[in-house]
Amino acid sequence: MKTSFNDQLDITRRDLMKGGMGAASLAAVSAGAAVPAAVTAASVAVTANAAQAQQHAASATVTQPATGIVMSPDYARTVAQMAYVWGWPMVNMINRRAAITQAPEPGHLNGVLPAAPRGQIAMLNDYIEPSETFVTCPNQDVVYGLGFFALDEEPVVIQVPDFGDRFWVYALYDARTDQFGHLGKPYGSKPGFYLLAGPRWSGLKPDGTTDVLRCPTSLANAIPRVFQDDTPEDRKAIQEVINQVVAYPLKDFDGEMKTIEWAKVPDIPGPASSGEETKWVVPDKFFDQFGEVLDTVDPLPGEEALYGQFRLLLDAASKDPELKKVLVATAVETEDKVIQPFFQWKHNGRPAGNGWNRSTNNAQFGVDYFNRTGTAKSNMFDNRPNERQYFYTDHDGAGGELSGSGSYAITFPAGQEPPVNGFWSLTLYNDKHLFHANDLKRYSLGTKNKNLKRNSDGSLTLYAGAKSPGGDKENNWLPAPDGKFSLYIRAYWGKEAILDGSWQPPAIEVAQ
């Protein structure tokens, strides 16, 4: 009997709860798998004499952690906490890929989310719906796509149609959630066929492809974003171009632009939403999957020592059931005390003025573990800073917590809206960082809107709260839930004042 997509997702979730995923990696460690090769002394030595360091580099090696030791619970707890914070985004990626790639064909999961088999993408044909819970902080400025790949085993061709003057960007992410490649309007990318390949793929650039974009990890995903005005005319106009946003394995490339009518792809049944983001990292089972991360994601320069400590931790725990319990308890505690606070915007990014914070190093995190993990928890799949900058807050300008019981005004003085080459928007989220369903079906305001009312001096005031400000002001109103909510400014393809931090969001005032 054929297993349905919904059944497969249930199986995946049961596997998560049972620790089925990544267990093979832990078993390999327990069987005596080797730690990473020793790194040269030059990579860790601090010396004023570069020539001397080079002389020693060829012969000297750094001793790696010895296996077979008896590790104390407190030492294991210390290393395990760092492992959890470091590895959280990557285990998150593994589990998202496992769920989404169970789609039998490109379509819309529960009618609202792009989902496709491995090596393909699916596109929406309109703004994302408020019932979406795959990822927090979605936006209703663009039409989204989504797909996951295994690029060493199966390079992928992704099509770029002629978008004309329309803003677009394909965000391509590696297993760490860093972007790779540069594909979009900010880069002057040309229409054509682009090959996405992994670090160990050894083929040649196929005839007819425009460029080869290398991902530093085999696991990768793509999230195309294509700007759309909030008008019926633009919803119609965008269809022809987004229908050519298609990706497929290299073996299916024939040099011809393929088309999928995304408005007519099937809806794929999936699990019912709980009203909050799907729990992609299960603390109880984190260390059952962690070995897979170490096995498939190469260390960045300077991370070799971390990998050595993490592998030692897994080796020791594989031989001592009581120590394994310490790892699980540490994961549960770290989730609560370290990961959960990232959901509050005051703990995320850096201050941007007037009570707002802004994203930092987004999608090019490198070894910035604080911002990588904070973003993965609160608003995963950011774009690079030059592609998009984010400003967010849970509080008004006086420090009061934003609540639907209040009414708020956000005024951009004339000529001081976010300075962008692309577009900007202000979005309202509920306490789960998701859209608040409302009768106006309005979740953001900005460049896309053609009916915003300006003040007599040319300034623009937007309103937020559970109660309508009434009259002409209602066009500028973002409906809020009765309880807590947050506000979020996006600045796509920001100008210098966005990038250097000299532009600041306006203070949020309590409306009279």
Side-chain angles (χ1 to χ4, degrees), residues 82-93 96 135-139 169-184 186-187 213-217 219-223 225 280-281 293 297-303 306 338-353 356-394 418-422 424 427 433 486 488-505:
M82 181 60 193
Y84 194 82
V85 172
W86 179 87
W88 202 93
M90 288 168 273
V91 170
N92 192 313
M93 281 285 279
R96 289 178 191 264
V135 66
T136 52
C137 297
N139 80 68
V169 66
Y170 291 5
L172 309 171
Y173 300 95
D174 66 14
R176 296 174 179 267
T177 70
D178 283 335
Q179 281 184 238
F180 68 95
H182 297 85
L183 202 54
Y187 308 109
L213 305 179
R214 286 276 184 176
C215 180
T217 61
L219 190 162
N221 77 319
I223 303 182
R225 294 168 168 95
W280 296 112
V281 179
V293 171
V297 179
D298 292 337
L300 296 175
E303 283 190 327
L306 273 180
V338 181
I339 303 299
Q340 286 296 335
F342 278 125
F343 215 66
Q344 301 174 55
W345 291 124
K346 66 181 180 181
H347 298 310
N348 204 299
R350 64 161 63 107
W356 298 76
N357 271 24
R358 65 180 288 160
S359 54
T360 304
N361 292 334
N362 31 305
Q364 51 182 31
F365 299 106
V367 295
D368 186 349
Y369 308 133
F370 178 91
N371 281 294
R372 185 199 310 280
T373 303
T375 298
K377 173 59 182 175
S378 60
N379 55 329
M380 196 161 169
F381 300 124
D382 279 5
N383 290 79
R384 289 188 184 96
N386 66 298
E387 296 174 7
R388 183 169 54 163
Q389 189 54 251
Y390 309 81
F391 304 85
Y392 31 68
T393 185
D394 297 312
V420 293
N421 295 302
W424 70 270
T427 303
H433 289 189
S486 62
Y488 196 108
I489 294 174
R490 286 177 171 82
Y492 270 87
W493 196 5
K495 295 182 178 180
E496 188 61 28
I498 291 286
L499 299 178
D500 67 15
S502 58
W503 181 85
Q504 294 187 351

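- Annotation: side chain of Trp356 is not in contact with side chain of Trp345 (no heavy-atom distance under 4.5 Å).
- Using a distance-only test at 3.5 Å, with no hydrogens or angles considered, no donor-acceptor pair links the side chain of Asp174 to the main chain of Pro216.
- Among Asn139, Asn379, Thr427, the one residue that satisfies the side-chain hydrogen bond (donor to acceptor under 3.5 Å, both in side chains) test with Tyr488 is Asn379.
- At least one side-chain heavy atom of Asn357 sits under 4.5 Å from a side-chain heavy atom of Tyr392.
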**OP:** Please assess Asn362 against Asn371 for the test side-chain contact (heavy atoms from CB on, under 4.5 Å), listing each intermediate value before the final yes or no.
**Re:** CA-CA 7 Å; Asn362 31 305; Asn371 281 294; over 6 Å; no
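- Between Arg384 and Val169, every side-chain heavy-atom pair lies at or beyond the 4.5 Å cut-off.
- Pairs engaging residues 491-505 under the salt bridge (Lys or Arg N to Asp or Glu O under 4.0 Å) rule: none recorded [sequence neighbours left out].
- Looking at Gln389, Arg225, Gln364 one by one, the single match for side-chain hydrogen bond (donor to acceptor under 3.5 Å, both in side chains) with Asn383 turns out to be Arg225.
- Counting only heavy atoms from C-beta outward, the side chains of His433 and Ser486 approach each other to under 4.5 Å.
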Original post:
Given Met93 and Val293, is the side-chain contact (heavy atoms from CB on, under 4.5 Å) satisfied, shown in steps?
Top reply: CA-CA 10 Å; Met93 281 285 279; Val293 171; over 6 Å; no
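- In terms of modelled atom types and a separation under 3.5 Å, the side chain of Tyr173 and the main chain of Phe381 share a donor-acceptor contact.
- Applying the salt bridge (Lys or Arg N to Asp or Glu O under 4.0 Å) test to Arg358 and every residue at least two apart in sequence or in another chain returns nothing.
- Panel note: side chain Arg372, backbone Gly366; a donor-acceptor pair is recorded below 3.5 Å.
- Looking only at side-chain heavy atoms (C-beta outward), Phe370 and Asn361 stay at 4.5 Å or farther from each other.
- How far CD1 of Ile339 is from CG of Asn92: 10.0 Å, rounded to the nearest 0.5 Å.
- Between the side chain of Thr136 and the main chain of Ser378, a donor-acceptor pair closer than 3.5 Å is present.
- For the pair Val420/Tyr492, no side-chain contact is recorded, criterion being any heavy-atom separation below 4.5 Å from C-beta on.
- Thr375 pairs by the side-chain hydrogen bond (donor to acceptor under 3.5 Å, both in side chains) definition with nothing, not counting sequence neighbours.
- Looking at Gln504, its side chain never comes within 3.5 Å of a backbone N or O of Gly353 through a donor-acceptor pair.
- Under the 4.5 Å side-chain criterion, counting only non-hydrogen atoms from C-beta, Lys377 is in contact with Phe343.
- For an aromatic pair to be called close, the ring centres must be under 6.0 Å apart, and Trp503 with Phe391 satisfies this.
- Using a 4.5 Å heavy-atom cutoff, the side chains of Leu306 and Tyr369 are in contact.
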